[in-house]
Asks: 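Starting off with a structure, shown below.
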Amino acid sequence: MSQQVDVQAEQTEQTIRESLNQALYEELERDDSVILYGEDVAEYGGLYKISEGLYEEFGDDRVFDTPLAETTLGGSAVGAALAGARPIVEIMYADFLPIAGDHLINYAAKMYFNYGDETSVPMVVRSMYGTGDGHGLHHGQSPEAWFMNVPGLKIVMPSTPKDYKGLLKSAIRDDDPVLFLENKMRYGESGPVPEEEYTIPLCETDIKRRGDDATVVAIGGMVYEALEAAERLSDRGVECEVVDPRTVTPLDTDPILESVEKTNILVTAQEAPTFGGFGSEVAAQVIDDAFFYLDAPVKRVGAPFTPIPFAESLEEAYVPTAEDIETAVIDAIET
Amino acid sequence: MSQQVDVQAEQTEQTIRESLNQALYEELERDDSVILYGEDVAEYGGLYKISEGLYEEFGDDRVFDTPLAETTLGGSAVGAALAGARPIVEIMYADFLPIAGDHLINYAAKMYFNYGDETSVPMVVRSMYGTGDGHGLHHGQSPEAWFMNVPGLKIVMPSTPKDYKGLLKSAIRDDDPVLFLENKMRYGESGPVPEEEYTIPLCETDIKRRGDDATVVAIGGMVYEALEAAERLSDRGVECEVVDPRTVTPLDTDPILESVEKTNILVTAQEAPTFGGFGSEVAAQVIDDAFFYLDAPVKRVGAPFTPIPFAESLEEAYVPTAEDIETAVIDAIET
Amino acid sequence: MGNASINHRELLEDLLLTRRFEEKVLEVYQDRGIRELPHSSIGQEAVGVGACYPLEDDDILVPSLRTRAVMLLRAPLDEIVAGMYGTRSGPSNGRTTEHHMGSSEYGILGTTGMIGAHLNPAAGAALGNKVLDNDRVTVAFFGDGASQRSEFHSALNFATVQELPVIFVIENNHWTEASPIEKLVAVDDLADLANHGLPTKVIDGQDVEEVVDATATAAQRARDGDGPTLLEAKTYRYRPHAETMPEHRDEATLEEWRDRDPIELYRSRLLEEDFVTEDEIEEIDRRLQTRIDEAFEAAETDELPDEETMYHVYKDTEIDHWKGVVR
Amino acid sequence: MGNASINHRELLEDLLLTRRFEEKVLEVYQDRGIRELPHSSIGQEAVGVGACYPLEDDDILVPSLRTRAVMLLRAPLDEIVAGMYGTRSGPSNGRTTEHHMGSSEYGILGTTGMIGAHLNPAAGAALGNKVLDNDRVTVAFFGDGASQRSEFHSALNFATVQELPVIFVIENNHWTEASPIEKLVAVDDLADLANHGLPTKVIDGQDVEEVVDATATAAQRARDGDGPTLLEAKTYRYRPHAETMPEHRDEATLEEWRDRDPIELYRSRLLEEDFVTEDEIEEIDRRLQTRIDEAFEAAETDELPDEETMYHVYKDTEIDHWKGVVR
Ligand SMILES: Cc1ncc(C[n+]2csc(CCOP(=O)(O)OP(=O)(O)O)c2C)c(N)n1
Ligand SMILES: Cc1ncc(C[n+]2csc(CCOP(=O)(O)OP(=O)(O)O)c2C)c(N)n1
Ligand SMILES: [Mg+2]
Ligand SMILES: [Mg+2]
């Protein structure tokens with residue numbers, strides 16, 4: 001629930017796309033060592049237009065296009081960050097992150113540990129995930145679990161326009177390497193964003209909705225689904241607490257535990273396949289630290305253990321929705 | 001508990017190194033489409049001598065050295081497998097797997113799904129993990145969690161010489177892509193291996209020790225630690241059931257659930273950092289499917305959330321041991 | 001392949017098939033949408049068509065996102081269109097797209113959405129065929145963009161030192177998505193980037209017979225056991241990178257390339273040299289158009305796949321798709 | 001750097017320091033073991049020494065596993081040896097090895113155990129310095145093995161198109177672990193693999209002044225804003241890849257290289273040209289030996305780090321290292 005900004009402050013309605021663009025603009029303006037680069041991020045403004053206008057504003061020393069080479073994006077960002085700059089690189093689709101995986105897992109994540117003089121790796125990798133647009137197997141996977149078991153990385157998956165902006169600004173200022181994951185299905189989602197400058201700290205779990213009957217821990221795009229499920233369940237007399245960790249690693253667990261201690265019911269929700277995913281970690285922590293508060297099995301909502309299918313009918317069956325969360329909560333409560 | 005081989009059959013004492021070498025030999029001999037390649041696997045016999053003598057026996061069409069390029073190892077194996085060969089590639093240290101990550105996650109894992117004519121990817125990637133030899137940050141990480149959330153891959157992590165041999169032979173014959181992870185700290189470990197030819201099926205959880213008081217699910221090298229812990233606990237009157245899934249994905253969960261239903265206590269053990277690891281998935285499944293059988297919090301044993309440190313004192317503090325498992329079991333029982 | 005052995009009409013028909021197909025895709029997409037976002041190959045047809053021409057039916061093709069000709073010359077039209085619609089008659093019954101379909105039956109190596117990720121697998125397929133001791137050649141197509149990927153280097157090196165029967169064909173259309181190639185590399189010919197000791201050749205990608213010849217020579221070399229070849233075909237696409245993206249390229253340059261349209265060039269040459277008559281071409285065109293129209297009609301009425309279709313992830317182990325192994 | 005500006009004695013001393021140090025490592029390792037497995041640079045000292053010589057103190061060095069000279073010329077001896085022993089006075093207090101240590105203070109970019117993974121980070125460091133608008137040059141060292149990695153291609157291309165102030169130095173010692181380079185690439189000069197439009201030069205890695213000159217020219221080019229250079233220094237290692245591995249290379253070839261020992265070559269040249277006397281060299285040697293011996297003695301009695309040292313993973317967020325964030 002911590003926000004750096006006065007809740008009474010003026011807010012305007014903005015899309016996630018706009019709030020991200022503004023965050024980039026403000027940070028490029030604030031700090032000369034911030035640079036933004038990637039494939040078609042400059043002249044074209046980014047495939048999804050998140051960086052539109054920034055090249056024109058800051059010039060090609062600060063915002064530039066690169067060859068098609070994700071190893072270069074990941075690798076060069078590590079070097080630039082170690083040298084003292086604050087690179088933001090866009091690796092277009094998160095599905096491509098494994099191409100830069102060695103630099104993320106073995107380089108970026110380990111250099112603060114490796115150096116002895118407080119040198120760290122203040123880089124941000126922006127990348128898109130999100131299923132539901134018929135892009136098929138390789139343009140929509142949720143990659144967080146591939147990098148969750150990597151000490152040294154931070155993984156941020158915001159949900160609302162306000163969180164996206166505040167968290168991206170914090171990620172850029174953060175001294176550690178941050179994987180900043182944007183849900184491409186939600187870029188058009190709009191919501192109130194403070195007019196005044198603000199940041200939202202990384203590694204702080206937020207409660208998006210209060211409720212006493214069940215805890216739903218949802219990440220990224222699934223927060224909207226969880227909120228929708230909560231509304232429907234409310235009609236049936238079940239009040240869900242929707243918990244949004246926002247940062248996946250390092251995870252701020254206490255608010256999750258506190259919520260479960262109150263509701264005694266836990267459901268997790270993610271877009272990635274359930275097996276080996278974020279929800280499993282949340283469940284495992286709760287079963288260790290809040291075992292005696294749990295009244296029912298923990299239900300995890302996620303995709304089935306298959307690649308993302310292309311056909312519309314399959315994709316629909318694949319992507320987890322509010323309905324799945326609703327069913328999981330009812331299941332847990334009725335056990 | 002399933003073994004393809006008559007328990008009465010003749011057995012000889014062999015090290016894991018020997019049993020792996022034999023498995024490779026037998027499969028290269030059995031099937032002309034099996035090939036083995038990697039960095040220094042042929043003339044030198046593999047950095048840890050697992051493939052010693054095979055190049056001499058089968059010639060450089062079947063066993064050959066390659067340039068230093070893990071993307072080529074991963075990528076070419078996918079292509080060779082799709083073309084109908086059965087490539088085994090050695091990616092020396094599992095820490096290097098992210099270099100081939102795109103080919104494993106996005107190519108190998110998805111081609112059976114992608115093809116419509118039953119073409120699949122019968123490749124095996126052999127790779128070493130295992131901490132404790134002072135090799136530092138990048139030569140001993142346990143990579144299973146990086147690939148657990150990838151539908152389509154199989155991940156095999158054997159423990160005993162007999163399992164190593166039987167499972168490697170099955171992996172080579174398997175039609176799906178298999179990540180075969182070898183614990184380099186255990187190559188010298190010896191145990192009985194049947195003299196007759198045998199295989200051990202993938203995706204079958206094995207019970208390594210029977211016990212009624214607590215279930216310890218351990219993978220790879222940690223199975224030995226779990227067995228040691230079980231011996232010590234037995235002296236204190238606590239009988240542990242040591243469960244060895246052997247295959248991490250797809251996981252054979254039922255024997256785990258059955259064990260917990262009997263013992264009502266679960267501890268998991270892995271070498272990788274606990275957060276986001278294999279143990280979390282096991283805990284999450286148990287908390288969903290055997291919730292009402294659990295008497296106590298699930299304790300997960302693993303490394304702390306740091307890179308592998310170099311100094312001896314740090315490495316010792318880092319690697320999970322029998323003692324940690326013992327403590328975890330006592331903790332759980334006494335809760 | 002000497003000119004003598006080229007069946008000019010057949011080659012023209014291959015070109016026309018690809019062009020008419022791509023035109024139909026655009027028409028339908030603009031009219032009512034197609035589930036698979038079109039990445040049109042119009043303008044570059046001669047590269048795929050020419051390279052496929054001298055090959056054997058069981059040679060392995062590894063197309064880029066844009067090598068539509070490979071699909072059209074190898075797979076049934078109905079399946080291709082169904083693949084774009086994501087219906088049950090498509091490749092893998094709708095699990096995957098037409099862009100990345102793979103089929104051992106058609107000799108098409110499956111690819112992924114990662115540009116350039118297929119270069120090492122292509123070398124690997126060649127390795128596989130060498131091991132299996134057949135005389136198949138593998139041909140990989142990829143763009144100027146893919147040539148910037150790290151892998152370009154390791155795939156070529158591996159193929160060269162292992163003397164693999166593989167041909168690498170750069171479809172240099174001078175643009176990597178929205179960026180011109182001049183901004184992304186500092187050399188004129190991409191073939192020069194690859195100095196690994198394998199033969200390289202820059203060819204005119206608008207001249208279908210030049211592509212046929214170069215590929216035929218490379219294929220012979222591969223079959224003779226002499227290893228890989230790299231071809232760089234200079235070409236251009238008439239459409240934006242994908243149909244959702246605006247056109248922002250220089251109109252004059254586009255016009256220059258249009259003046260050397262690969263289909264028009266070949267058509268007029270064949271007419272001039274009396275290999276074919278206007279009437280014959282019209283007849284071919286009509287026939288092609290009918291086949292294409294029928295394929296689209298079939299796809300429009302084809303059904304969507306059932307959920308069960310999706311659970312096709314492991315060949316050797318049955319699993320319960322939410323958790324683990326079925327016992 | 002004209003010959004005039006080389007301080008020959010200093011350069012000889014740098015060579016001797018590296019050689020004596022590596023000899024000591026071997027001696028101690030064979031006698032009683034060292035926690036960090038030695039990968040000896042004996043025989044190739046002139047590459048690292050020569051390349052470092054013309055640089056400024058704040059230029060960024062990115063060593064390979066084997067570029068011992070970089071460490072010795074930049075970091076305190078005590079810290080280096082402690083780094084090999086894994087004691088608390090080592091780099092990052094024992095968390096990491098000497099092989100991969102990084103330090104902004106010493107201008108050494110940290111590396112990983114992945115051969116060749118530092119090429120793009122080196123380009124990135126140059127990018128960072130360009131953005132920060134200082135005139136630092138980055139110099140990356142890597143072996144023939146690393147030149148086979150995919151990344152070699154993308155790092156050079158990126159550095160070239162971005163005109164980054166970076167120098168890539170191949171330490172071609174003709175062996176990639178246990179495999180000879182002839183088996184792994186099909187060209188004679190590795191510099192030829194990299195045809196990206198940047199200047200490349202093959203140099204004699206046994207001739208320290210040739211290395212100095214080539215690096216000086218490249219550094220000037222970088223500082224002038226003209227972009228990267230690739231140098232390939234031909235050299236050889238006298239020891240097996242690592243001290244645990246057997247020697248299996250041809251003895252005659254090894255002898256040929258020993259005949260052109262970089263330290264001996266330079267030493268005799270300086271003696272011949274009267275830049276230095278035997279006595280002076282002996283005195284330098286004695287001084288170096290004492291320093292080295294003292295560093296090893298210090299490490300032998302240095303303490304191991306406390307467990308707390310390990311929990312140094314995030315700079316900006318405190319976490320409970322077993323589970324999550326500390327609140
Ligand atoms: C690894 C990877 N990086 C980026 C992309 C996004 N992308 C798709 S097509 C494309 C351009 C490819 O250019 P080129 O290889 O020249 O092929 P062309 O589209 O011109 O046929 C890019 C950048 C991708 N799909 N995969
Ligand atoms: C990515 C990667 N692959 C393989 C290895 C194992 N390995 C360590 S050193 C080495 C050889 C490196 O050869 P080269 O680059 O020529 O350097 P040299 O040892 O000759 O100095 C290999 C294969 C590694 N550490 N990293
Ligand atoms: Mg292109
Ligand atoms: Mg070498």
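Protein chains get the first letters and strands the later ones, always in sequence-line order, with residue 1 at the start of each. For clarity, every value in this text was computed on a predicted model and none was experimentally measured.
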Asks: Under a 4.5 Å heavy-atom cut-off, does chain C meet the side chain of B/Glu281, its backbone, both or neither?
Replies: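 Answer is neither: B/Glu281 stays 4.5 Å or more from chain C.
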Asks: Let me know if B/Leu68 has heavy atoms under 4.5 Å from chain C in its side chain, its backbone, both or neither.
Replies: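 Nothing of B/Leu68, per the 4.5 Å heavy-atom cut-off to chain C.
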Asks: Tell me if the CG atom of C/Asp57 is crowded by more than 12 foreign heavy atoms within 6.0 Å.
Replies: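 Open: at most 12 neighbouring heavy atoms sit under 6.0 Å from CG of C/Asp57.
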Asks: To the nearest 0.5 angstrom, please state how far the CE atom of B/Met111 sits from the NE2 atom of C/His100.
Replies: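 Answer for the CE-NE2 pair, B/Met111 versus C/His100, is 8.5 Å.
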Asks: Identify the residues of residues 79-87 of chain C whose heavy atoms come closer than 4.5 Å to a heavy atom of chain B, ordered by number, or report 'none'.
Replies: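 Near chain B, by residue number: none.
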Asks: Check whether B/Thr71 gets within reach of chain C through its side chain, its backbone, both or neither, counting any heavy atom under 4.5 Å.
Replies: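 Contact with chain C involves both backbone and side-chain atoms of B/Thr71.
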Asks: Which atoms of C/Asn157 are under 4.5 Å from chain B, going by heavy atoms: the side chain, the backbone, both sets, or neither?
Replies: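 Just its side chain gets close to chain B.
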Asks: Report the option among C/Ala123, C/Ala126, C/Ala159, C/Ala117 that has the most heavy-atom pairs separated by less than 4.5 Å from atoms of chain B.
Replies: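 Looking at each option in turn, the highest pair count goes to C/Ala117.
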Asks: Counting only non-hydrogen atoms closer than 4.5 Å, does B/Asp289 touch chain C with its backbone (N, CA, C, O), its side chain (CB onward), both, or neither?
Replies: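 The answer is the side chain of B/Asp289.
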Asks: Could you give me the CA-CA distance, side-chain angles and deciding distance for C/Asn120 and B/Thr72, then say whether side chain to side chain donor-acceptor pair (under 3.5 Å) is met?
Replies: CA-CA 5 Å; C/Asn120 277 298; B/Thr72 287; 2.7 Å; yes
Asks: Against chain B, label C/Met101 side chain, backbone, both or neither, depending on which of its atoms sit under 4.5 Å from a heavy atom there.
Replies: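 Looking at C/Met101, just its backbone touches chain B.
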Asks: Please check this pair: side chain of C/Lys315 against backbone of B/Glu118, looking for a donor-acceptor N/O pair closer than 3.5 Å.
Replies: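 At least one qualifying donor-acceptor pair exists.
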Asks: Contact between B/Asp117 and C/Tyr106 at the side-chain level, heavy atoms closer than 4.5 Å - yes or no?
Replies: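 A side-chain contact is absent here, since even the closest heavy-atom pair is not under 4.5 Å.
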Asks: When you measure from the side chain of B/Tyr115 to the backbone N and O of C/Gly110, does any donor-acceptor pair fall under 3.5 Å?
Replies: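 Checked: pair present.
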Asks: Going by heavy atoms in the side chains, are C/Phe158 and B/Thr66 under 4.5 Å from each other?
Replies: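 A side-chain contact exists here, since the closest heavy-atom pair is under 4.5 Å.
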Asks: Check the surroundings of atom CZ in B/Phe291: do more than 12 heavy atoms from other residues, nucleotides or ligands lie under 6.0 Å from it?
Replies: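 Counting other residues, nucleotides and ligands, CZ of B/Phe291 exceeds 12 neighbours.
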Asks: Could you tell me whether a side-chain N or O of C/Arg95 sits under 3.5 Å from a main-chain N or O of B/Gly116, the two making a donor and an acceptor?
Replies: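 Not at all, since once roles are kept as given, no pair shorter than 3.5 Å links the two residues.
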Asks: Can you measure from NE2 (C/His312) to OG (B/Ser120) and round to the nearest 0.5 angstrom?
Replies: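 The OG atom of B/Ser120 is 9.0 Å from NE2 of C/His312, to the nearest 0.5 Å.
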Asks: In terms of heavy-atom proximity below 4.5 Å to chain C, should B/Leu82 be classed as side chain, backbone, both, or neither?
Replies: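 Both backbone and side chain.
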Asks: Show, in sequence, the C-alpha distance, side-chain angles and deciding distance for B/Lys154 and C/Thr317, and conclude whether the side chain to side chain donor-acceptor pair (under 3.5 Å) test is met.
Replies: CA-CA 10 Å; B/Lys154 289 177 175 169; C/Thr317 306; 2.8 Å; yes
Asks: Given that the side chain runs from C-beta out, which part of C/Glu105 has a heavy atom under 4.5 Å from chain B: side chain, backbone, both or neither?
Replies: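 Both the backbone and the side chain of C/Glu105 come within 4.5 Å of chain B.
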Asks: Could you tell me which portion of B/Arg173 (side chain, backbone, both or neither) has an atom closer than 4.5 angstrom to a non-hydrogen atom of chain C?
Replies: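 Contact with chain C: backbone only.
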Asks: Let me know if C/His118 has heavy atoms under 4.5 Å from chain B in its side chain, its backbone, both or neither.
Replies: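 Backbone plus side chain of C/His118, per the 4.5 Å heavy-atom cut-off to chain B.
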Asks: May I ask you to name which of B/Ala284, B/Ala69, B/Gly152 has the most heavy-atom pairs under 4.5 Å with chain C?
Replies: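 Looking at each of B/Ala284, B/Ala69, B/Gly152 in turn, B/Gly152 comes out on top.
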Asks: Please give me the minimum heavy-atom distance between C/Gly102 and B/Asn114, naming the atom from each residue.
Replies: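 Shortest heavy-atom contact: N-ND2, 3.6 Å.
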Asks: Can you tell which of C/Ser103, C/Gly113, C/Pro91 has the highest number of heavy-atom pairs within less than 4.5 Å of chain B?
Replies: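 Ranked by heavy-atom pairs under 4.5 Å with chain B, first place is C/Ser103.
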Asks: Most heavy-atom pairs under 4.5 angstrom with chain C, which of B/Leu251, B/Thr247, B/Asp175?
Replies: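 Answer, by heavy-atom pair count under 4.5 Å with chain C: B/Asp175.
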Asks: How close do C/Ser104 and B/Thr119 get, counting heavy atoms only, and between which atoms?
Replies: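 Reported closest heavy-atom pair: OG-OG1, 2.6 Å.
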Asks: For C/Ile108, is it the side chain, the backbone, both or neither that has a heavy atom under 4.5 Å from a heavy atom of chain B?
Replies: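 Interface part for C/Ile108: backbone (N, CA, C, O).
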Asks: Is C/Thr111 in contact with chain B via its backbone, its side chain, both, or neither, using a 4.5 Å heavy-atom distance?
Replies: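 It is both, since atoms from each part get that close.
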Asks: I'd like to check C/Met114 versus B/Tyr107 (side-chain heavy atoms, cut-off strictly below 4.5 Å). Are they in contact?
Replies: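 When only atoms from C-beta onward are counted, B/Tyr107 and C/Met114 do not touch, as no gap falls below 4.5 Å.
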Asks: Shorter than 4.5 Å, heavy atoms on both sides: which option in B/Val78, B/Asp60, B/Asn106, B/Leu73 has the most such pairs with chain C?
Replies: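 Heavy-atom pairs under 4.5 Å are most numerous for B/Asn106.
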Asks: So does C/Arg291 have more than 12 non-hydrogen atoms from other groups sitting under 6.0 Å from CZ?
Replies: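 At most 12 heavy atoms, drawn from other residues, nucleotides or ligands, come within 6.0 Å of this atom.
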Asks: Restricting to non-hydrogen atoms, name the atom on C/Tyr314 and the atom on B/Pro151 that form the minimum distance, rounded to 0.1 Å.
Replies: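 Scanning both residues completely, I find the closest heavy atoms to be OH-C, 4.0 Å.
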Asks: Looking at C/Leu132 and B/Ala83, what are the two nearest heavy atoms and their distance?
Replies: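 Looking at all heavy atoms of both residues, the shortest contact is CD1-O, 3.3 Å.
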Asks: Which residue in the set B/Asp176, B/Val178, B/Leu202 passes side chain to side chain contact (heavy atoms under 4.5 Å, CB included) when paired with C/Asp316?
Replies: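 Checked B/Asp176, B/Val178, B/Leu202 against C/Asp316; only one passes side chain to side chain contact (heavy atoms under 4.5 Å, CB included): B/Asp176.
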